[in-house]
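Take a look at the structure below.
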Amino acid sequence: MKKELAKTYSPKELEDRLYATWVEKGYFTPQVDDGKPAFSIVIPPPNVTGQLHMGHALDETLQDILIRYKRMQGYSTLWLPGTDHAGIATQIKVEERLRVDEGLSRYDLGREKFLERVWGWKDTYESRITSQLKKLGASCDWTRQRFTMDEGCSKAVREVFVNLYDKGLIYRGHRIINWCPHCLTALSDAEVEYKDQPGFFWHIKYPIKGEDGYVEVATTRPETMFGDTAVAVNPDDEAMKHLIGKTLILPVVGREIPVIADDYVEIGFGTGCVKITPAHDPNDFLVGQRHDLEQIKVMNDDATMNAYAGKYNGMDRYACRKALVADLEAEGYLVKVVPHDHNVGVCYRCGTTVEPLTSDQWFVKMKPLAEPAIEAVENGSISFVPERFSKNYFNWMNNILDWCISRQLWWGHRIPAFYCDACGEMTVSKEDITVCPKCGAPVRQDSDVLDTWFSSALWPFSTMGWPENTAELEKYYPTNVLVTGYDIITFWVSRMIFSGLEHVGKKPFSTVFIHGLVRDAQGRKMSKSLGNGIDPLEIIDQYGADALRFALATGISPGNDMRFSDEKIEAARNFNNKIWNAARFVLMNLTVEDATLPDTADLALEDKWLLSKFNTLCKEVTVNLDNYELGVALAKLYDFLWDIFCDWYIEIAKPRLNDKGSKANETCLKVLAYTLSGTLKLLHPFMPFITEEIWQSLPHDGESIMIADYPAYTDALAFAEEEKKMEAVIAAIRAIRVRRNEMNVPPSRRAMLYIVSDADDIFNPSVTAHFEKLAYASGVSYGTAYEASDAVQIVTEKATVYIPLADMIDFEKELARLKNEKTKTEGEITRLEKKLSNEGFVAKAPAAVVEGEKAKLAAYRETLVKINEAIEKIK
RNA sequence: GGAAGCGUAGCUCAGCUGGUCAGAGCGCACGGUUCACAUCCGUGAGGUCAUGGGUUCGAGCCCCCUCGUUUCCACCA
């Protein structure tokens, strides 16, 4: 059982081995009928567009921490993994590859052949992502791995589409949508990003028919002029209302358009007259609907101008803009050009400026779906961590417009609508059909596919077998928590919520745990274009998965961005090494075969102190984890292991460890093994590999740390009294070190220590060894008095320590120092006395706080007595 | 235009429902070849917790103002 550990921790040789064992043993795969309470998470499926980046590593690490924690607590724990087909994004990548490698477009291949290529791509990247997750240590149930376009998910998509259609919540409509001229597809509102760009207002004259005058309009997109079907003014605008009803003549084009009244026009802004282009602007579209205006689409799908643009036909929209403006100027229609910065919508995938245009698309009617989804968060059925992100959610859901779900792509779920050219009937069907149910003629399926988020929205239940009422769905749905970044709340979280409520009748999850972005050391977003991305695999290769996980989880707080830096990963590596060496030390000394705790009666003061500290740690870490304060929990574990366990307990334990074969030796070893083993368990969710490797080397029950019980607080290990006593010892040791440092006494200079104290329950010969080791003593003696006056006096609350270093003492300075301490102590005393004589404080503060202050006062008074004695002594 | 976050030691950040909350890591200074670890040990310097008000017996922690910074949403042509 016991084996030698290498001097430094080298993760490489053990991570893959341990992971394989875990998988083989089936620890990641919960049994539906295990009778345990369920805890489940579905992974936010990474896109099959590429490989995992740091953001994924963070997301996955947080989920694995929660999953491993709950698994150890005895839950039937399912972490369901999978990937997303990522419609546009993946298609773009494959097209790009095709273009670069073979000089072909997707049209050259044709739909069938192209999709074969995409499936090939998907297989490659899906397995790459999967192996990366395994490298990270993610304890996903690989037997339940899913893909958004696999058979089951596709079935769910069909089911949902048809059901929504039957309920009248999906419709096909001719509406204005966001069009990407590069991807050649419609986009939803969420898929448009807005970027500030410098631009211009072109002020243009529109002559009034039958009069000499003209109307001046201002536009940022003059090329849409060909689609103008009216000019609007506000009916309450005194300066403009006289124009209502008149007819204008479009410059260059010569077409006649009316002046209409609509309060959409803001009085006093711009020229007060707005050109209305219903086919190319969302607001104008609405104005057009109100006034029954014609929609004139002036562009082709690739954003070149069409025949409506007259002589500009075939020109790119920007080339046209330039030429048109020049012509307007030449013909005297251009009044002025005013620089104007404005937000331009761009495609979230390719960055091309989006062109709003009218088109036939499929939409989901959102209002009826949004209402229950809003309600679920309002009434606390679903909660965000941190809570403030629910505002984002409400903001989006309360202002939601219908969701454009059709995409003019090939990669995705094909829309299950079938058209019959013979009778004109359209059939929406869960199953593929080839003939029209009405007339029997052949049908053709809609060539569009669904928005990739349409299938992602179903992920929490489509992956569990819905629409069948499977055992998985029964047990693990709703899931407990969804872990994701704040950048995806609108795209995904909101849509899962309304989808779950609508289709399953139950929310998809109870908690949405939001984390921030991983930024580079300078705080910049990691991006391909900046080249500042850090590959998680490289970090794992160099430092190990546990170090990466530690670096990602330490010092973070929910919803806040973090920076990833060399310092952080090095600190993580050092911590790994510290754990490793602490374990190595314990194992080197270990002669006991079990890690059960000895009788309380046999425990030394420091044992009880350590166990009590550990006990508190168990409680706090559990509370922190339950509250999603993972960073805080990890910091506490770090401090406990490094400071309490290593720097204090192990150092104090060394004399007993050298006393081989004794009872004290055995007790100490058991305490060491118990506490180390327990700490490893607490740490396991964060750092699965190193903890497992060490735990296996220690005396242990069970096959694996990952299925061991998570340590819990127990009254049996609460030793408050001993904690206090031990702290007095530590305070004395620290005080001695400080004093020696101040006096520049090198550690090699040993000196006798005379400890004078009334507290013989603390300062007695059983703690001698502690001082010898840690306070550089050549010997320690105890008593109630020390008569000689040749010593440095170190005053603490419970004891005064004398060190006879006569040759190094400047008694003048010594006196000054003691007087200084006296002044400080007196200051504290008066401050506390004041506070305690404040009626408001005593009356209103909690009793515990008041008691605490009283205890502090008493301690200071005790110390003051000792300082006075010390001063007397020097005099 | 609306909303939110951040502004705490030189740097990166923790600080839960107001009462040991003034902290950690790194960096820096001084001292250490103690038989687990120099990827280490000991000690120390550095902050009026952005500014100005307010609430309270008591405020980084609550409220308001201002400044700086980041982000999200909307978008006026």
Side-chain angles (χ1 to χ4, degrees), chain A residues 5 7-9 189 194 201 217-221 224 231-232 264-266 268-277 281-284 287 340 342-343 345 386 388-389 391-392 394-396 399 486-487 489-490 516-517 521 523 543 547 554-557 559-568 570-589 620 623-624 627 629 631-632 634-635 638-639 643 646-647 650-651 654 658 733-734 737-742 744-748 773-774 776 835 838-846 848-850 852-853 856:
Chain A
L5 297 180
K7 188 167 176 178
T8 50
Y9 176 58
D189 295 335
Y194 289 88
F201 260 138
V217 299
T219 180
T220 55
R221 295 189 301 153
T224 62
V231 164
Y264 153 68
V265 181
E266 190 184 321
F269 183 84
T271 63
C273 304
V274 182
K275 65 193 267 309
I276 301 300
T277 322
D281 182 276
N283 287 307
D284 293 5
V287 174
H340 175 70
H342 58 151
N343 268 343
R388 66 183 137 92
F389 286 101
K391 285 184 187 162
N392 272 11
F394 288 135
N395 185 40
W396 172 259
N399 298 297
Y486 56 71
D487 51 334
I489 293 173
T490 50
L517 268 36
Y543 299 97
T554 193
I556 59 162
S557 56
N560 287 348
D561 292 352
M562 64 161 302
R563 296 187 193 202
F564 196 87
S565 60
D566 290 346
E567 290 78 50
K568 229 169 222 169
E570 276 166 22
R573 187 266 321 265
N574 293 353
F575 184 51
N576 272 286
N577 200 243
K578 190 69 183 178
I579 300 171
W580 188 254
N581 275 291
R584 206 160 67 89
F585 176 78
V586 171
L587 286 166
M588 280 169 67
N589 287 281
E620 292 186 352
V623 168
N624 288 140
N627 290 328
E629 296 156 357
V632 178
L634 188 50
Y638 178 96
D639 288 343
D643 188 43
C646 290
D647 289 345
I650 284 186
E651 292 309 320
K654 279 176 179 172
N658 290 332
I733 292 172
R734 281 221 166 98
R737 287 173 177 172
V738 170
R739 198 73 266 281
R740 288 180 58 110
N741 254 289
E742 284 170 358
N744 290 319
V745 186
S748 52
K773 267 285 178 193
L774 303 178
Y776 318 100
K835 195 169 187 180
N838 179 336
E839 281 175 35
F841 175 72
V842 179
K844 292 182 183 174
V849 175
V850 178
E853 296 296 285
K856 247 193 265 178

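Quick note: numbers below take in every heavy atom, side chains included, and nothing from hydrogens, waters or symmetry partners. These numbers were taken from a predicted model, which means no experiment stands behind them.
- U48(B) and C11(B) have their P atoms separated by 13 Å, with the value rounded to a whole Å.
- As rounded to whole Å, 11 Å separates atom C1' of G42(B) from atom CZ of Arg740(A).
- The same atom, C1', is picked in G23(B) and in C63(B); the two are 26 Å apart, to the nearest Å.
- The backbone N or O of Arg584(A) sits nowhere less than 3.5 Å from a side-chain atom of Asn581(A) that would complete a donor-acceptor pair.
- For the P atoms, the distance linking G44(B) with A50(B) amounts to 27 Å, nearest Å.
- U69(B) and U12(B) have their P atoms separated by 16 Å, with the value rounded to a whole Å.
- Residue Arg563(A) places at least one side-chain N or O under 4.0 Å from the OP1 or OP2 atom of C13(B).
- Residue Asn343(A) places a side-chain atom within donor-acceptor reach of the base of C75(B), judged by atom type and a 3.5 Å distance cut-off alone.
- Residue Glu629(A) places no side-chain atom within donor-acceptor reach of the base of A14(B), judged by atom type and a 3.5 Å distance cut-off alone.
- Under the Watson-Crick and G-U wobble criteria, each requiring two contacts below 3.5 Å, nucleotide G7(B) is paired to C67(B).
- In this structure, the side chain of Lys568(A) engages the main chain of Arg563(A) through a donor-acceptor pair within 3.5 Å.
- Close to A14(B), at under 4.0 Å from its OP1 or OP2, lies a side-chain N or O of Asn560(A).
- With a 3.5 Å ceiling on both atom-pair distances, the Watson-Crick or G-U wobble partner of G1(B) is C73(B).
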>> Evaluate Glu853(A) against Lys835(A) for salt bridge (charged side-chain N to carboxylate O under 4.0 Å, His left out), listing each step before the verdict.
In response: CA-CA 9 Å; Glu853(A) 296 296 285; Lys835(A) 195 169 187 180; 3.3 Å; yes

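- Glycosidic conformation at G60(B) (O4'-C1'-N9-C4 for purines, O4'-C1'-N1-C2 for pyrimidines): syn, within 90° of 0.
- Judged purely by distance below 3.5 Å, without hydrogens or angles, the side chains of Asp561(A) and Tyr486(A) pair a donor atom with an acceptor atom.
- When all heavy atoms of Thr224(A) and Lys275(A) are compared, the closest pair comes out as OG1-NZ, 2.7 Å.
- For the OP1/OP2 pair of A14(B) and a distance below 4.0 Å, the side-chain nitrogens and oxygens of Ser557(A) include at least one atom meeting the criterion.
- Take the nearest nucleotide of RNA chain B for Arg573(A) and for Lys654(A): the residue whose nucleotide is more 5' is Lys654(A).
- Under the Watson-Crick and G-U wobble criteria, each requiring two contacts below 3.5 Å, nucleotide C49(B) is left unpaired.
- Using atom P as the reference point in both G47(B) and A24(B), the two lie 15 Å apart (nearest Å).
- Applying the Watson-Crick and G-U wobble criteria (two distances, each under 3.5 Å), C62(B) pairs with G54(B).
- Within the 4.0 Å cut-off from OP1 or OP2 of U12(B), not a single side-chain nitrogen or oxygen of Lys568(A) is found.
- Of the candidate nucleotides G25(B), G42(B), U71(B), G42(B) has the atom lying nearest to any side-chain atom of Arg737(A).
- Remark on RNA chain B: of its neighbouring residues Val849(A) and Arg388(A), the 5'-side contact belongs to Arg388(A), judged by nearest-heavy-atom nucleotide.
- Distance noted for atom P between C62(B) and C16(B): 9 Å (whole Å).
- Lys654(A) forms a cation-pi arrangement with Phe585(A), by the criterion of a distance under 6.0 Å to the ring centre and an angle within 45° of the ring axis.
- The separation between Ile579(A) atom CD1 and U39(B) atom C1' is 12 Å, rounded to whole Å.
- If you take atom P in G10(B) and the same atom in G1(B), they sit 36 Å apart, rounded to whole Å.
- Contact check, Asn581(A) against C40(B): no side-chain N or O comes under 4.0 Å of OP1 or OP2.
- The side chain of Ala845(A) approaches G19(B) more closely than any other nucleotide in the set C16(B), G19(B), C41(B).
- Taking atom C1' on both C13(B) and G18(B), the two are 22 Å apart, rounded to the nearest angstrom.
- For G46(B), the glycosidic angle deviates from 0 by 90° or less, giving a syn base.
- Two residues are said to be in side-chain contact when any heavy atoms from C-beta on lie closer than 4.5 Å; Asn577(A) and Thr8(A) meet this criterion.
- Residue Phe575(A) contributes atom CZ, which lies 18 Å from atom P of C37(B) at whole-angstrom precision.
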